[in-house]
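Below you'll find the structure, written out as structure tokens, and then a few comments.
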2 protein chains.
Amino acid sequence: MPQDHPDSAFDRATTVSRAEGGGAVAELDPGWEVGGGILNGGYLLALTARAVLLDSPHPHPVAVSASFLRASAGGAAGISLTPAPAGRTLANTLAVLSTDAGPTLTAQVTTATLAEETADSDWSANPMPQVPAPEACSAALRPEGVPVPGLVQRLDIRFDPATAGWVEGRPAAEPRLRAWMRLADGREPDPLALLMFADALPPSGFAIGRLGWAPTVQLQVLVRALPAPGWCLVENSSSEVAGGWTDEDCRIWDSTGRLVAQSRQLARLPR
Amino acid sequence: MPQDHPDSAFDRATTVSRAEGGGAVAELDPGWEVGGGILNGGYLLALTARAVLLDSPHPHPVAVSASFLRASAGGAAGISLTPAPAGRTLANTLAVLSTDAGPTLTAQVTTATLAEETADSDWSANPMPQVPAPEACSAALRPEGVPVPGLVQRLDIRFDPATAGWVEGRPAAEPRLRAWMRLADGREPDPLALLMFADALPPSGFAIGRLGWAPTVQLQVLVRALPAPGWCLVENSSSEVAGGWTDEDCRIWDSTGRLVAQSRQLARLPR
């Protein structure tokens, strides 16, 4: 089971309890919003995965895919859980997060047990990019006049200067953002935090000066290893922007340089 | 709606009909097996997406994620369909494909309407790789003694010689396979065929001489554009092989060189 940190804002905001008659209930924390009171998709995904872990025979979400059905604000929520017969190494659960307004997201969650020891990869094409140390990177900058959403206040985000030119009106040539990230409450990263980190950076279009929001349609996150304590490096990039749609690929490395998560989402571009 | 080709083996094998009381029924065609009578995951996914299209207000599956719960053989199947309230540009359906043995896969299917005209991408980091023309590539080769599974008989697959050395015991340095692909029945590609193509190549570990099978745990396919008639180029690669797990990234280009689909799966490695 993931460690609980009683003083962690993230753990408090993702608290789930068993509901009478099955499933789980939660109180969505309005603080994890990305603007206009709309909650961050990664936050909703982490909370949903935590509900799945209540009854899962395995402790770690290793593959999580979610369809985002509608924007959601804070308040009471229920999570219905439909487990499939569990195997020795894997278990699958279908989860639906709903609020008073109806279903907010559906998620397929595969759980397993990731190794505690960190053996070398057998093959990796994901070397950690060279980025200045967090202390030498800019703390979550915003273009002037842009308010700081609740999500950004709950994270410590330090943009790689090489991908932060957009903040000062100097867009880059490529839609790619890199930033160090950790929870502002001091809680160490774990698979649940990685689910949130995978959807916490702005759209990578920001890097090339397209500052419009891009609502997530469907997101898949793979958790590949347990993260070591400390900063994570998060990289978002788009490989194909066409016909009003974009992909967002995210890779996350832990403080030891190991790839710990990768995700891809399809997002709708503003018209 | 996808075009029906009455003489297409693929269309016959993915035929679905409305069931009394909701959902759909189908007869899984044992011919689409990958060995030992186990059906190909991409075939099951295409059939499931076709069931979703029966009642979808939009004609194209644009984001499909599936959790594979158990291996499945041919025979009678049912597909339960739970649509979410549809929007103007998108609709989401949760589908569960079951056989007599129980649930086989769960899938989240987002449908939309892809443009018929093919405008240029706004951004693309997916140039079509340089590969010899299909006529100059090897038709679906197998290492000596390896039987040809039904799936491979129903496809026309031509491996790029640069990634086909493993067939003759000359493995490459990188886990990457490339092949031209089309349906053997002459039916042109469409989004449903792309869902199948995205899971039709062997694991990319084959390229480096690891000929073990890697069962899919969870697969996400994004269909990015309607494919032009003709051959598709399919590329599979693994970026991270660690701790008994691997990813498989797939990209598919159509005959005009446009990226038409991208997918990622988490797969379990044989011990």
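In what follows, chains carry the letters A, B, and so on, assigned in the order in which the sequence lines appear, proteins first and then strands, with residues in each chain numbered from 1. All heavy atoms count here, side chains included; hydrogens, waters and symmetry mates do not.
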Query raised in the report: For A:Val62, is it the side chain, the backbone, both or neither that has a heavy atom under 4.5 Å from a heavy atom of chain B?
Result: both
Requested in this report: Could you look at A:Ala84 and say if it's the side chain, the backbone, both or neither that has a heavy atom under 4.5 Å from chain B?
Outcome: side chain
Requested in this report: Indicate yes or no for a side-chain donor-acceptor contact from A:Ser98 to the backbone of A:Gly78 under 3.5 Å, with no hydrogens or angles considered.
Outcome: no
Report task. Apply ring pair (Phe, Tyr, Trp, His ring centres under 6.0 Å) to B:Phe68 and list each qualifying residue two or more places apart in sequence or on a separate chain. Result -> none
Query raised in the report: Any donor and acceptor pair, going by atom type alone, linking the side chain of A:Asn236 with main-chain N or O of A:Pro203 inside 3.5 Å?
Result: no
Report summary line: Under 4.5 Å to a heavy atom of chain B? For A:Arg251 that would be neither
Report task. Could you look at B:Arg210 and say if it's the side chain, the backbone, both or neither that has a heavy atom under 4.5 Å from chain A? Result -> side chain
Report summary line: Ranking A:Leu69, A:Val64, A:Ile208, A:Asp247 by heavy-atom pairs under 4.5 Å to chain B gives rank one to A:Asp247
Query - Per-residue contact mode, A:Leu266 against chain B (heavy atom under 4.5 angstrom) - result: both
Query raised in the report: Think B:Arg258 forms a cation-pi with B:Trp253, using NZ or CZ under 6.0 Å from the six-ring centre and within 45 degrees of its axis?
Result: no
**Report entry** Engaged part of B:Ala173 at the chain A interface, taking heavy atoms whose separation is under 4.5 Å
**Finding:** backbone
**Report entry** Side-chain donor or acceptor of B:Asp199 paired with backbone N/O of B:Gly42 under 3.5 Å
**Finding:** yes
Report summary line: Applying a strict 4.5 Å limit to non-hydrogen atoms, the region of A:Leu219 in contact with chain B is backbone
Query raised in the report: For the side chain of A:Gln108 and the backbone of B:Ser65, is there at least one donor-acceptor N/O pair under 3.5 Å apart?
Result: yes
Requested in this report: Let me know if A:Arg264 has heavy atoms under 4.5 Å from chain B in its side chain, its backbone, both or neither.
Outcome: both
Query raised in the report: At a heavy-atom separation under 4.5 Å, does A:Glu117 approach chain B through its side chain, its backbone, both, or neither?
Result: neither
Query raised in the report: In terms of side-chain heavy atoms, does A:Thr246 have a donor or acceptor partner in A:Ser238 at a distance below 3.5 Å?
Result: yes
Requested in this report: Let me know if A:Ser263 has heavy atoms under 4.5 Å from chain B in its side chain, its backbone, both or neither.
Outcome: backbone
Report summary line: Honestly, the part of A:Ala112 sitting under 4.5 Å from a heavy atom of chain B is side chain
**Report entry** Residue, of B:Asn126, B:Leu259, B:Leu222, B:Asn92, that accumulates the most heavy atom pairs under 4.5 Å with chain A
**Finding:** B:Asn126
Query raised in the report: If you tally heavy-atom pairs under 4.5 Å against chain B, which of A:Gly102, A:Ala115, A:Ala107, A:Pro175 wins?
Result: A:Pro175
Requested in this report: Could you look at B:Leu90 and say if it's the side chain, the backbone, both or neither that has a heavy atom under 4.5 Å from chain A?
Outcome: side chain
Report summary line: A:Phe197 meets the ring pair (Phe, Tyr, Trp, His ring centres under 6.0 Å) criterion, sequence neighbours left out, with none
Query - Residue, of A:Ala242, A:Ser237, A:Ser239, A:Pro103, that accumulates the most heavy atom pairs under 4.5 Å with chain B - result: A:Ser239
Query raised in the report: Taking B:Arg178 for the side chain and B:Ala162 for the main chain, is one N or O donor matched with an acceptor at less than 3.5 Å?
Result: no
Query raised in the report: Distance-only, no hydrogens or angles: does the B:Ser255 side chain make a donor-acceptor pair with backbone N or O of B:Pro229 under 3.5 Å?
Result: yes
